[in-house]
Every structure is written in structure tokens, then in C-alpha cells.
2 protein chains.
Amino acid sequence: MAQRGRPRGFDREDALRRAMEVFWVQGYDNASLADLTRAMGINAPSLYATFGSKEALFQEAVALYVRTEGSGIWEQVDTAATARAAIEQVLRTTAEAFTRGATPRGCMIVLAAPQMQGANAQVCDALKAHRQANGCLLERRLTRAVEEGELPASTDCRALASYIVTLQHGMSIQARDGASRETLLAIADCAMAGWEALTTDPN
Amino acid sequence: MAQRGRPRGFDREDALRRAMEVFWVQGYDNASLADLTRAMGINAPSLYATFGSKEALFQEAVALYVRTEGSGIWEQVDTAATARAAIEQVLRTTAEAFTRGATPRGCMIVLAAPQMQGANAQVCDALKAHRQANGCLLERRLTRAVEEGELPASTDCRALASYIVTLQHGMSIQARDGASRETLLAIADCAMAGWEALTTDPN
DNA sequence: CCTTTTTTGTATCGATAACTACAAAATATC
DNA sequence: GATATTTTGTAGTTATCGATACAAAAAAGG
């Protein structure tokens, strides 16, 4: 088959990745079309012909983010040997990922539109859904740990999952404010230091 | 003395409070002059004559927020009997303040410009300074607790303070995402459950 | 009354937002 | 080579952004 008309003069994946970085750094509303086209190395008509709209481009950028950047943080939750190891891995990987030199600091899902009140409600809702999915993922892992006997039946899996994702969200703010990797790791250590107390049957 | 010219037709404090709520809900960049003047019940020239600029209005709104809304959370840190009581009070008051029906959910200082990349760098810097001030406040309180013998000398006051403010920042995201007061209180309880482990000399 | 001072509403300013009309350019098919 | 198809860059669209010019309005001082 091959395409009929004039071939595209840029790499779609590469342009999408550059757009993702702009959204990651500036957020959805603050990323202007001019910012995006400059970073992507294309003009507005090419952007619209390829991605449809600013919102559609953002949604694709979110999907790319989740697939490439976010996966390192959450992918081992189900495969980790224990719930404790899973959560420690999440927090420590977060500390590392949020302080890489090459990528923006903090999580795009948390920082791109946190007011839940931007021009585009669908953008806010999609990001919120991704944030909540992480909490559900952790809660399921903790519930499984209870079923497997790692944790006592008295464990409040939902509260514990909320607590961890809340801390993880806060780490995005800290990272964007310039916190060092050591600081973020120390924060993770603080959370893990309380693990025994959080998962011991009080009776 | 008294003022010479035509008297102002609106209450300055009341207008500022309404502006604060707009910034609180929408963030700095997403709050347009039209949004602000509509909420304040005045026209743009009155806003500029009274407050100077959008940025100056925002800075005043931040000061009002810290003085009225934020004070309830942080004011008892120094006066609380123990560091533990101070921190528990911070977290529990946060859970309550972030889920009042009358005010926007979550903290304006965290949510108004978290990308650190908006049009106005001074706005970002001011908010960042306020965020970090809370961490310093907690760290000083913990250091005092070590000096007073409440906590062992081995306590990592800076890490512990960073951990608490990180969780508190994350609670803003959770609150804006719709978390209930019960959920936020449960998160606070999780943090406090680990207190002994965090403040016990390992030796 | 008249002058001075300040606030008010109207009606804008230039800049930029997201987005697109259009024709030249570049390819495959015939 | 002629035609069909798609992408390209240029130049624009309308709408809204933050911020103001300006004169009428409303007060105090003389």
C-alpha cells in the first residue's frame, strides 16, 4: 500500500515525545501551541493534521508518559515478592525517577493540571483517573498480601494505599521545588520505617 | 484628613477575599481578569487602581490565605506540648481544612502554580518559598524536641520534616481529587502510626 | 459655586491564545 | 507526463489575554 501523498517530513513518535516534555514541564494550559510547535520542530498545520487538537496531542502525550516514564515506577507492583517490597520499590523508584537530570522533575500526571479547573475538563478527568488508578493498584496489591498471609486481616488496605499514593504525589511537588534525590529517598525511608507499625495486628 | 475624591464603591477586603477564592480554585494562570472582576464585582480599572496588577493582587491573596486559611494548620506547631502533638495536629487539621464545604479543597499554596513554569516567575517563587517555610517550621520544632529530650539525638529532623510536608502536600492533590475527610484522616493516622519507629534510637 | 482629587464605567489597546484556509510541494498511481 | 493524494509553510481567522486611555461621576476643600 504505502502512503499516497507527500510523505511526512518528521518522525511522529519523536515529535510526540517532545510535546510530552513540554506538557510535563509547563502543564496543559501553560503549554502554548507556539511552545509545542517550536519544540516539535513543526508548524501548527502539521500538528493538527497529525494529532487532531491540542487536547488530543496531550492525551497521546499522557499515554506515552504512562507507557515510558511512569511504567518504571508502577510496573513491579504486582510482580514484587511482597507488598512491602512493592511499596518500597515504588517509593524508591519514584525518588530516582523524579531526580533524573534528563527529564523534568516530578510526575506529569500530578503536575500537568492539578487545579481540576482548567479550560479542558476532559484533560483534568483523564489525569485524575490515572492518579486514582495508582491507588487502586496499590490497594489490590495489599489486599492480595492479606489473602496470601503476608499482612494481617486487620490491615486497612485502602487507607494504606491512599497514604502511599499521597506521599508519592507530594514527592512530585518536592521534586519540582528542587528536592535532591537524597531527600526524596530519605522521605521514602521514613515511610518504610513505619511499615511494621502499619501492618501489625493491634490485638 | 479623610480621602479627597470619590469614595470607593466596594469593600477592599471583601473583594480581595473573593479574588483569593478564584486563585485558590483556578490557580494563577487559569484565573483570568474576567473571572476575577466578575467574582470581585468590580471592573478592571478598579482592580488595577486598587491592587496594581494581577500579580500584585495574587500576592495579596496569598498573604490573606496564609493569614486566614493556612494559619489554622500551622499556628500550633510551636505552642504544642510535644513535637508529636504538633505534627499530629498539623495533619489532622489539614484533613479537616481541606474538606470544608465552604472553601475550595486543598491548599492554595500547593495548587495555585505547581509547575514552577508559569508566565510569572515571581508568583512561582513566592509559593515555593511558602511551601519550604512550612518544612523549616517543622524542622525547627523537631530540633527543639531533640534539645528538650522528647526525641533522641539520632532523630533526622530534616528528613522527618520533609516527610511530613511531603505528605501534607500530597493531601492537597487528594483533596482536590475528591478524597473524603475520613480518607485524609486515615492518611494522617497512617503517618502517626509510624511515629515511634521514626523517633526511636536504633541503638 | 469652582477647583481638586479619586473612582467609576466604557471602550479600547497590542499581544497572544487555539486553530485553519489555501496553495505550493512532494509523493504514488495511472 | 498527467492525475490523485497528502504534507508543507505562509498567512490568516476569531477570541481572549492582561492592562489602559479617557471622560463622566462623586466626593472634599476652598
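Quick caveat, the model's predicted, so the values are computed rather than measured. Letters A, B, ... are given to chains in the order of the sequence lines, protein chains preceding strands, and every chain is numbered from 1.
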Check your understanding: Choosing from C:dA17, D:dT8, C:dC19, which nucleotide comes nearest the side chain of A:Ser46?
Key -> D:dT8
Point to revise | Contact nearer the 5' end of DNA chain C, comparing A:Asp35 with B:Gly5 | key: B:Gly5
Using atom [atom1] of [X] as one end and atom [atom2] of [N] as the other, report the distance to the nearest whole Å.
{"X": "A:Lys54", "N": "C:dT16", "atom1": "NZ", "atom2": "C1'", "value": "12 Å"}
{"X": "A:Asn30", "N": "C:dA18", "atom1": "CG", "atom2": "P", "value": "10 Å"}
{"X": "B:Arg6", "N": "D:dA23", "atom1": "CZ", "atom2": "P", "value": "16 Å"}
{"X": "B:Leu36", "N": "D:dT16", "atom1": "CG", "atom2": "C1'", "value": "14 Å"}
{"X": "B:Asn43", "N": "D:dA24", "atom1": "CG", "atom2": "P", "value": "18 Å"}
{"X": "B:Phe10", "N": "D:dA26", "atom1": "CZ", "atom2": "C1'", "value": "15 Å"}
{"X": "B:Met40", "N": "C:dT7", "atom1": "CE", "atom2": "P", "value": "14 Å"}
{"X": "A:Glu55", "N": "C:dC19", "atom1": "CD", "atom2": "C1'", "value": "14 Å"}

Review point. According to the interplanar angle, ranging from 0 to 90°, do the rings of B:Tyr163 and A:Tyr163 count as parallel (below 30°), tilted (30 to 60°) or perpendicular (above 60°)?
Key: perpendicular
Practice item. Between B:Pro7 and A:Ile42, just flag the one whose closest nucleotide in DNA chain D comes earlier from the 5' side. Key: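 This one resolves to A:Ile42.
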Review point. Which sits closer to the 5' end of DNA chain D, A:Thr50 or A:Ala44, going by the nucleotide each is nearest to?
Key: A:Thr50
Review point. Without hydrogens or angle criteria, can the side chains of B:Asp35 and B:Ser32 be said to hold a donor-acceptor pair below 3.5 Å?
Key: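 Per modelled atom types, B:Asp35 and B:Ser32 side chains form a pair under 3.5 Å.
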Check your understanding: For C:dC19, does either OP1 or OP2 sit under 4.0 Å from a side-chain N or O belonging to A:Tyr48?
Key ->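 Yes.
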Review point. Does B:Arg4 get its side chain close enough to the base of C:dT4, under 3.5 Å, for a donor-acceptor pair?
Key: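 Such a pair is found, so the answer is yes.
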Exercise for review: Compute both the distance and the angle, then confirm whether B:Arg67 meets the cation-pi test with B:Tyr65: under 6.0 Å from the six-membered ring centre, within 45 degrees of the axis.
Suggested key: no
Check your understanding: Does B:Lys54 count as lying over the ring of B:Tyr48, i.e. NZ or CZ under 6.0 Å from the six-ring centre, within 45 degrees of the axis?
Key -> no
Practice item. Please lay out, stage by stage, how B:Leu91 and B:Ile87 fare under the test side chain to side chain contact (heavy atoms under 4.5 Å, CB included). Key: CA-CA 6 Å; B:Leu91 293 178; B:Ile87 285 172; 4.3 Å; yes
